[in-house]
K.L.:
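Dropping a structure here in structure tokens format, bear with me for questions.
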Amino acid sequence: MKKFLNILIVVIAFSFSGCEKDDICASTTATTPRLVVDFYDKDNPDARKSLSNLKAVATGETEGVVFNESALPTSVTKYYATGNSISLPLRLNAETTEYALTLYADDTQLTNTDTISFNYTTRQIYVSRACGYKTNFRLNVEDAISRPNDGSEWINNVTIQTTNIESENETHIKIYF
């Protein structure tokens, strides 16, 4: 009986030795950051300025960036940002992402659209087996931002605050309007 008990203990010990920790990526793990854009008053450059009904649509996309997750899925207001800061995703498979930033007077009346392009390089970073890889971005200093200038823009000026986009805890771009 003692021999049987010893064999049972050894079998149980070996069966548990093959267990691994669950491969679950914690929600607190840093992922690919979005570009953080803050808005400022062109007449008072130190003062943040709020906007309403801003829609951002990447070139080649039919739908805008969802800023208002609490809006009804069929409502166009889910694409409207209100406040003095937005976060825009950059393309992982390209070195340029272009957005049409449109201000609306209300839900349907177009006020003005400006197009802005962000030029960058990407760097893949291994996070873990459970989380995989994340991508960090580096804005190209010489031509990080480009935009057409035909005199009807609502954006007055754009400045880069940091060229390395590694987290969403800091401002990367300032837009003055």
Side-chain angles (χ1 to χ4, degrees), residues 12-40 46 48-102 114-147 155 158-177:
I12 290 173
F14 277 119
S15 67
F16 282 115
S17 69
C19 293
E20 293 181 15
K21 150 177 137 166
D22 287 339
D23 283 339
I24 298 173
C25 187
S27 62
T28 57
T29 303
T31 58
T32 298
R34 294 172 292 175
L35 177 77
V36 177
V37 179
D38 286 352
F39 296 96
Y40 285 82
D46 294 328
R48 292 182 78 169
K49 186 174 179 181
S50 290
L51 47 73
S52 297
N53 298 335
L54 173 72
K55 184 176 181 180
V57 180
T59 299
E61 299 293 324
T62 56
E63 309 241 339
V65 175
V66 176
F67 293 116
N68 186 0
E69 305 250 345
S70 63
L72 294 174
T74 57
S75 173
V76 295
T77 60
K78 71 181 177 181
Y79 302 114
Y80 291 166
T82 299
N84 56 22
S85 183
I86 60 171
S87 296
L88 299 171
L90 297 176
R91 295 184 191 277
L92 302 176
N93 59 351
E95 293 185 347
T96 298
T97 301
E98 183 177 79
Y99 278 97
L101 301 177
T102 304
D114 279 3
T115 302
I116 187 167
S117 295
F118 303 102
N119 301 301
Y120 50 86
T121 56
T122 60
R123 185 169 57 114
Q124 297 287 322
I125 298 169
Y126 180 74
V127 177
S128 69
R129 190 171 90 177
C131 300
Y133 289 85
K134 73 175 189 171
T135 302
N136 282 350
F137 305 93
R138 180 168 175 77
L139 293 171
N140 297 333
V141 176
E142 296 82 31
D143 64 345
I145 301 167
S146 61
R147 59 190 182 95
I155 295 175
V158 180
T159 62
I160 299 171
Q161 293 309 137
T162 182
T163 56
N164 292 324
I165 303 168
E166 298 173 351
S167 78
E168 294 181 15
N169 297 331
E170 60 187 350
T171 300
H172 303 119
I173 302 290
K174 286 184 178 180
I175 292 180
Y176 299 87
F177 74 103

K.L.:
How long is the span from the OG1 atom in Thr29 to the CD1 atom in Ile24, to the nearest 0.5 Å?
P.N.:
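It comes to 11.5 Å.
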K.L.:
Measuring from Phe39:CZ to Asn84:CG, what's the distance to the nearest 0.5 Å?
P.N.:
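Between atom CZ of Phe39 and atom CG of Asn84 there are 9.0 Å.
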K.L.:
Would you confirm whether His172, through its side chain, and Ser167, through its main-chain N or O, come within 3.5 Å as a donor-acceptor pair?
P.N.:
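Side chain of His172 to backbone of Ser167: a pair is present.
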K.L.:
Got a second to check how far Thr96's OG1 is from Leu90's CG, nearest 0.5 Å?
P.N.:
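Rounded to the nearest 0.5 Å, the OG1-CG separation comes to 10.0 Å.
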K.L.:
Could you list the donor-acceptor pairs under 3.5 angstrom formed by side chains in residues 130-139, with sequence neighbours left out?
P.N.:
{"residue": "Thr135", "atom": "OG1", "partner": "Gln124", "partner atom": "NE2", "Å": "2.8"}
{"residue": "Arg138", "atom": "NH1", "partner": "Thr163", "partner atom": "OG1", "Å": "3.1"}
{"residue": "Arg138", "atom": "NH1", "partner": "Asn164", "partner atom": "OD1", "Å": "2.7"}

K.L.:
Scan residues 167-177 for pairs that pass salt bridge (Lys or Arg N to Asp or Glu O under 4.0 Å), counting only residues two or more places apart or in two chains.
P.N.:
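Matches after skipping sequence neighbours: Arg34-Glu168.
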K.L.:
Report yes if the side chains of Phe67 and Leu88 come closer than 4.5 Å at any heavy-atom pair, otherwise no.
P.N.:
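The answer is yes; the side chains approach within 4.5 Å.
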K.L.:
To the nearest 0.5 Å, what is the distance between CD1 (Ile155) and OG1 (Thr115)?
P.N.:
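If I round to the nearest 0.5 Å, the distance is 8.5 Å.
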K.L.:
What side-chain donor-acceptor pairs closer than 3.5 Å can you find for residues 54-61, not counting sequence neighbours?
P.N.:
{"residue": "Thr59", "atom": "OG1", "partner": "Glu98", "partner atom": "O", "Å": "3.4"}
{"residue": "Thr59", "atom": "OG1", "partner": "Glu98", "partner atom": "OE1", "Å": "2.7"}

K.L.:
Using side chain to side chain contact (heavy atoms under 4.5 Å, CB included), reason through Tyr40 and Thr159 one step at a time and then give a plain yes or no.
P.N.:
CA-CA 11 Å; Tyr40 285 82; Thr159 62; over 6 Å; no
K.L.:
Rounded to the nearest 0.5 Å, what separation is found between the CG atom of Leu35 and the CD1 atom of Ile173?
P.N.:
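CD1 of Ile173 is found 5.0 Å from CG of Leu35.
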K.L.:
Taking salt bridge (charged side-chain N to carboxylate O under 4.0 Å, His left out) as the test, write out the residues that go with Glu95, two or more places apart.
P.N.:
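Glu95: no salt bridge (charged side-chain N to carboxylate O under 4.0 Å, His left out) contacts found.
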K.L.:
With sequence neighbours excluded, what pairs up with Thr97 under the side-chain hydrogen bond (donor to acceptor under 3.5 Å, both in side chains) test?
P.N.:
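Checked Thr97 against side-chain hydrogen bond (donor to acceptor under 3.5 Å, both in side chains); matches are Tyr120.
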K.L.:
If the condition is salt bridge (charged side-chain N to carboxylate O under 4.0 Å, His left out), which residues does Asp38 pass it with, not counting sequence neighbours?
P.N.:
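Applying salt bridge (charged side-chain N to carboxylate O under 4.0 Å, His left out) to Asp38 gives Arg48.
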K.L.:
Could you tell me which non-hydrogen atom of Thr171 sits nearest to which non-hydrogen atom of Thr162, and how far apart they are?
P.N.:
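So the minimum-distance heavy-atom pair works out to O-CG2, 3.6 Å.
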K.L.:
How many angstroms lie between atom OG1 of Thr122 and atom CG of Asn93, to the nearest 0.5 angstrom?
P.N.:
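CG of Asn93 is found 9.5 Å from OG1 of Thr122.
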